[in-house]
**Q** 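Take a look at this one; I'll ask things after.
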Number of protein chains: 2
Amino acid sequence: MLNTTLKKIILIFGALTLCVLILFRLSSYIVVSESVAVEWIIAGFAILFFVIGIFLNKRSLQKKQLATPTEIDRKMIETLGISKREYEILVKISEGCSNKEIGEALFVSESTVKSHISNLFSKLDVKRRTQALQRAKELKIIG
Amino acid sequence: MLNTTLKKIILIFGALTLCVLILFRLSSYIVVSESVAVEWIIAGFAILFFVIGIFLNKRSLQKKQLATPTEIDRKMIETLGISKREYEILVKISEGCSNKEIGEALFVSESTVKSHISNLFSKLDVKRRTQALQRAKELKIIG
DNA sequence: GTCATTTTCGTACTTTAGTATGAGTGTCCA
DNA sequence: TGGACACTCATACTAAAGTACGAAAATGAC
């Protein structure tokens with residue numbers, strides 16, 4: 001990540017420096033020829049850099065959006081003291097499974113599932129599984 | 001929506017026109033005084049508009065992201081034959097509400113809520129509310 | 001007005017969810 | 001070795017959730 005970011009920064013600054021140098025050469029020639037008003041040159045470059053700014057910014061923001069669709073906050077899971085088993089069951093709940101189905105999927109009894117769910121609910125501070133889903137999403141601990 | 005967009009466009013173009021006018025005045029004075037090189041004036045305005053471009057673009061993209069985190073497929077809702085009331089209840093389910101709470105929120109009895117939910121479930125082809133949520137999300141009919 | 005659909009509500013019932021309590025097992029660490 | 005913790009399971013209970021009828025009023029289109 002850091003290498004990629006550094007490379008980008010170097011590339012962008014390099015490109016900008018190049019642009020400024022080209023700009024200097026061009027403006028000298030144009031000013032010397034005296035055929036065009038200075039205001040139009042300035043306006044042209046202003047618009048050019050305005051567009052460049054928009055373009056670069058749009059690309060960087062788009063990549064950011066694609067890179068992180070929904071990042072899971074594993075630190076939050078630890079903070080809440082949610083164990084592996086409890087989290088597995090939370091995922092199963094988000095898949096729409098009943099307690100019985102969860103038990104069959106994880107090879108434990110329905111009683112066990114209920115125990116885990118009760119503990120999970122108190123850790124999430126909720127009363128129902130639908131509430132648990134909503135809370136888990138806002139805490140970004142499920143996708 | 002259209003009014004807001006139009007207003008924004010008018011405002012932005014107005015601001016840009018104003019900037020260009022100010023730019024003309026300033027450049028005239030500076031060029032006349034001959035105390036600064038023309039290149040530096042151009043470079044200054046280029047950087048200025050570069051920054052303005054980034055700023056405007058960032059703001060517009062941020063608003064877009066907040067406004068539509070996940071686009072809702074309203075055509076799918078029609079296709080499935082889900083009525084307004086049923087959809088309202090689906091949203092309430094996604095907020096973690098119990099049938100009782102939904103009834104209180106929509107000013108109807110719990111029986112009515114149950115009726116709607118039964119119809120909704122058959123339209124979504126599910127058996128439980130957690131399944132309904134999962135299905136509604138993969139069909140992109142809730143956020 | 002008539003017809004289809006939506007919305008509303010009820011009762012009776014079955015199933016699932018969730019709580020409370022207790023207890024056995026295994027693991028890891030001090 | 002003793003304690004903290006996670007995982008397991010059971011029983012008994014209460015509370016929601018969901019189904020299956022039936023039925024009345026409101027809405028909107030034809």
Side-chain angles (χ1 to χ4, degrees), chain A residues 72-139 141-142, chain B residues 72-139 141-142:
Chain A
I72 290 174
D73 191 348
R74 301 186 189 283
K75 287 177 186 174
M76 181 59 77
I77 298 174
E78 274 188 54
T79 305
L80 296 171
I82 295 173
S83 69
K84 292 175 204 167
R85 212 55 165 166
E86 286 164 357
Y87 185 71
E88 282 182 305
I89 286 173
L90 177 60
V91 171
K92 282 289 170 189
I93 288 176
S94 77
E95 289 171 3
C97 294
S98 67
N99 292 342
K100 197 177 178 182
E101 287 168 344
I102 296 172
E104 288 166 357
L106 302 182
F107 304 107
V108 293
S109 75
E110 200 183 329
S111 315
T112 306
V113 175
K114 286 186 177 181
S115 295
H116 286 313
I117 287 181
S118 271
N119 294 328
L120 182 63
F121 285 1
S122 66
K123 285 171 185 175
L124 286 174
D125 191 31
V126 295
K127 289 276 170 200
R128 285 178 288 281
R129 51 177 59 209
T130 46
Q131 266 185 355
L133 289 180
Q134 193 215 14
R135 187 135 185 75
K137 251 167 248 151
E138 79 183 25
L139 293 174
I141 61 179
I142 59 171
Chain B
I72 289 173
D73 191 349
R74 302 188 188 281
K75 288 177 185 173
M76 180 59 76
I77 298 174
E78 275 188 52
T79 306
L80 295 172
I82 295 172
S83 71
K84 291 176 206 164
R85 212 55 166 164
E86 285 163 357
Y87 185 73
E88 282 182 307
I89 287 173
L90 177 59
V91 171
K92 280 290 171 191
I93 288 176
S94 78
E95 289 170 3
C97 293
S98 67
N99 293 342
K100 196 177 179 182
E101 286 168 345
I102 295 172
E104 286 166 359
L106 302 181
F107 304 107
V108 293
S109 74
E110 200 184 329
S111 316
T112 307
V113 176
K114 285 185 178 184
S115 296
H116 286 311
I117 287 182
S118 273
N119 294 328
L120 182 64
F121 284 1
S122 65
K123 286 171 185 175
L124 287 174
D125 190 31
V126 295
K127 290 273 169 202
R128 285 177 287 282
R129 49 176 61 207
T130 45
Q131 265 184 356
L133 290 180
Q134 192 214 14
R135 186 136 186 74
K137 251 166 250 155
E138 78 182 27
L139 292 174
I141 60 180
I142 59 171

**Q** Looking at dG10(C), I'd like to know if its phosphate oxygens (OP1 or OP2) sit under 4.0 Å from a side-chain N or O belonging to Ser109(B).
**A** yes

**Q** For the pair made of CG in Leu106(A) and C1' in dC7(D), what is the distance, rounded to whole Å?
**A** 12 Å

**Q** Return the value, rounded to whole Å, for the distance between atom CD1 of Ile82(B) and atom C1' of dT5(C).
**A** 16 Å

**Q** Checking contacts here: which listed nucleotide (dG18(D), dC7(D), dT7(C)) is nearest the side-chain heavy atoms of Lys84(A)?
**A** dC7(D)

**Q** Determine the contact category for Ser111(B): base if any of its heavy atoms lies under 4.0 Å from a base atom, sugar-phosphate if only primed atoms, P, OP1 or OP2 are that close, otherwise nothing.
**A** base

**Q** Whole Å only: how far is the NE2 atom of His116(B) from the C1' atom of dT8(C)?
**A** 7 Å

**Q** So does Glu138(A) have more than 12 non-hydrogen atoms from other groups sitting under 6.0 Å from CD?
**A** yes

**Q** Atom CG of Leu120(A) and atom C1' of dC5(D): how far apart are they, to the nearest Å?
**A** 17 Å

**Q** Is Glu78(A) salt-bridged to Lys75(A), going by a charged N under 4.0 Å from an acidic O?
**A** no

**Q** To the nearest Å, how far apart are Ile117(A) CD1 and dA20(C) C1'?
**A** 16 Å

**Q** dC9(C), dG18(C), dG18(D): which one has an atom nearest the side-chain heavy atoms of Arg128(A)?
**A** dG18(C)

**Q** Rounded to whole Å, please give me the gap between CG in Asn119(B) and P in dT7(C).
**A** 10 Å

**Q** Touch check for Ser83(A), heavy atoms < 4.0 angstrom, all strands: base, sugar-phosphate only, or nothing?
**A** sugar-phosphate

**Q** According to a strict under-4.0 Å criterion, is Arg129(A) in side-chain N/O contact with OP1 or OP2 of dG18(C)?
**A** yes

**Q** Any side-chain heavy atom of Ile141(A) within less than 4.5 Å of one from Ile82(A)?
**A** yes

**Q** Can you pull out the residues from residues 85-103 of chain A that lie within a 4.0 Å heavy-atom distance of DNA chain C?
**A** Ser98(A), Asn99(A)

**Q** Report yes if the side chains of Tyr87(A) and Leu120(A) come closer than 4.5 Å at any heavy-atom pair, otherwise no.
**A** no

**Q** For a quick test of reading the model: is some side-chain N or O of Thr112(B) closer than 4.0 Å to OP1 or OP2 of dC9(C)?
**A** yes

**Q** Would Leu139(A) and Asp73(A) count as a side chain to side chain contact (heavy atoms under 4.5 Å, CB included) here? Give the steps.
**A** CA-CA 7 Å; Leu139(A) 293 174; Asp73(A) 191 348; over 6 Å; no

**Q** Given dT8(C), dG18(D), dG18(C), which nucleotide is nearest the side-chain atoms of Ser115(B)?
**A** dT8(C)

**Q** Could you pick out which residue, Lys123(A) or Glu110(A), lies toward the 5' side of DNA chain D when each is mapped onto its nearest nucleotide?
**A** Lys123(A)

**Q** For Thr112(B) and Ser109(B), test the side chains for any donor-to-acceptor distance below 3.5 angstrom and give the result as yes or no.
**A** yes

**Q** Does any non-hydrogen side-chain atom of Arg128(A) lie less than 4.5 Å from one of Glu101(B)?
**A** yes

**Q** Rounding to an integer number of Å, can you tell me how far Lys114(B) NZ sits from dT16(C) P?
**A** 15 Å

**Q** For Gln131(B) and dT16(C), give me the distance from atom CD to atom P, rounded to whole Å.
**A** 12 Å

